[in-house]
Protein chains: 2
Amino acid sequence: MSIREEKKQITKQAIMDAAITLFSANGFENTSIEELAKVAGVGKGTVYGYFQTKKEILHAFCENELDQIYKELVSLANPEAPILEQMLTIYMTEFKYVTQNKEFGRIFMRQTIFPDENDAKNFLKNEDKYFQLIFPILERAQGRDELRKDLELLHITGHFYGLYILLMSAWYSGRIPTEEISTAMELIFRQALEGLQPHSDSKSK
Amino acid sequence: MSIREEKKQITKQAIMDAAITLFSANGFENTSIEELAKVAGVGKGTVYGYFQTKKEILHAFCENELDQIYKELVSLANPEAPILEQMLTIYMTEFKYVTQNKEFGRIFMRQTIFPDENDAKNFLKNEDKYFQLIFPILERAQGRDELRKDLELLHITGHFYGLYILLMSAWYSGRIPTEEISTAMELIFRQALEGLQPHSDSKSK
DNA sequence: TGACAATTTCGACTGCAGTCGAGATTTAAA
DNA sequence: TTTAAATCTCGACTGCAGTCGAAATTGTCA
């Protein structure tokens, strides 16, 4: 690697490190780019050479972490457990992670769910990567006759994902307190499943 | 009404009018509060006497409109039509309205779904008002045995709402183009319904 | 090695959201 | 009507996100 590229790596990491430190200590809103630049040991303009906006810095950080978490998530769930249980494990873990810091989570969700024109493609790719991790789980569940086989995997994932967003929203607006999220998720996932299940007769109480 | 209150009414309206004019003409981002104040014929500080933030101005405008639309929405749907049809009518109309202006819609959705700490209570109240309009529709559907009676109305509304948000998100991230939204909504609502329907055997194709 | 091109760094600068307190207007009480 | 308190109005001011072009660093080729 050339000197130039090496330095770029180092500088980028320094900015990210400074971001983690300052965002964690003082929050996102209360951290100015100038301050961040100083801590990272670079000029303000340099920061903008690596990231286009302030939000993008936070996002780079979150995505890094999420990438880790996604892989963990999937390995976390017992592949032979009922699909409801697996989905609950996955989405509750994600929920807990994203809401660890309320402010981070809000910015992250806003950007992810309703991205700006320019970022849209990025988020799409990320989401797809995430969905790909979930597909095998759903396929196995289809194999076990826990999910209808005439539905597309994308639509099933989407269904769960939509309900997950709903819960996040309910939490952010204060409709559901933290300690009730788990119950609420089970309830609404079950509601969804009773339509997603292959057929008909009264199965789950 | 006292002179004071009268003047306040007039000023507030002037600000709102200026906002509508400028936001529509130049977009939200490209309109500065100073410009807006000038058009409204007041000082910058005065604007902040009526609205706490710039976003709040847009939001006041949107909510005004939405209030109208909600009432229309509900009267729009044929109360005896199948629940799927009614829900589609309502949510497609809302979708078309909110996405009329992509930028407005995005800001509106971001704030509504993931509100700031301070605004949360406001949005909650609004959402509830909205849900109240939908409840009668669901109740009638329950009466016609189109929806399970053992589910709470709030949970059913929530379910549809969550899927609606999902579609908005899919649209904003470019996953679903405008012309396919309607089909996608029908598909995913049907998916939901097949679990929401009272019982068991194959009913809808 | 020297010298020119390409890239990177920097902080002064611009523009705007939101604050603040001094002054103007309205209300209430005598 | 006078006066003092309450409320409203204003634009200068602060602080920060993001821009820009001049200067510094690195790469390239003779």
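Note that this is a predicted model, so its numbers are computed, not measured.
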With sequence neighbours left out, the residues meeting salt bridge (Lys or Arg N to Asp or Glu O under 4.0 Å) with A:E103 are none
Just to verify, what does A:K102 make a side chain to side chain donor-acceptor pair (under 3.5 Å) with, not counting sequence neighbours? B:E117
Under the salt bridge (Lys or Arg N to Asp or Glu O under 4.0 Å) rule, collect the residues that match up with B:E127, sequence neighbours excluded. A:R175
Under 3.5 Å, is there a donor-acceptor pair linking the side chains of B:T99 and B:W171? no
In numerical order, the residues of residues 16-37 of chain A whose heavy atoms come under 4.0 Å of DNA chain D are A:T31, A:S32, A:I33
Assess whether a salt bridge exists between A:D116 and A:K55, defined as any Lys/Arg side-chain N lying under 4.0 Å from an Asp/Glu carboxylate O. no
For B:E6 and D:dT7, give me the distance from atom CD to atom C1', rounded to whole Å. 17 Å
Under 4.0 Å, heavy atom to any atom of DNA chain D: which of residues 47-62 of chain A qualify? A:Y48, A:T53, A:K54
Distance under 6.0 Å and angle within 45° of ring axis: A:K129 vs A:Y70: no
Name the pairs: protein N/O against N/O of nucleotides 22-24 of chain C, kept only if under 3.5 Å.
none

Please find out if less than 6.0 Å separates the ring center of B:F189 from that of B:F160. yes
Any A:T46 side-chain nitrogen or oxygen under 4.0 Å from OP1 or OP2 of C:dC10: yes
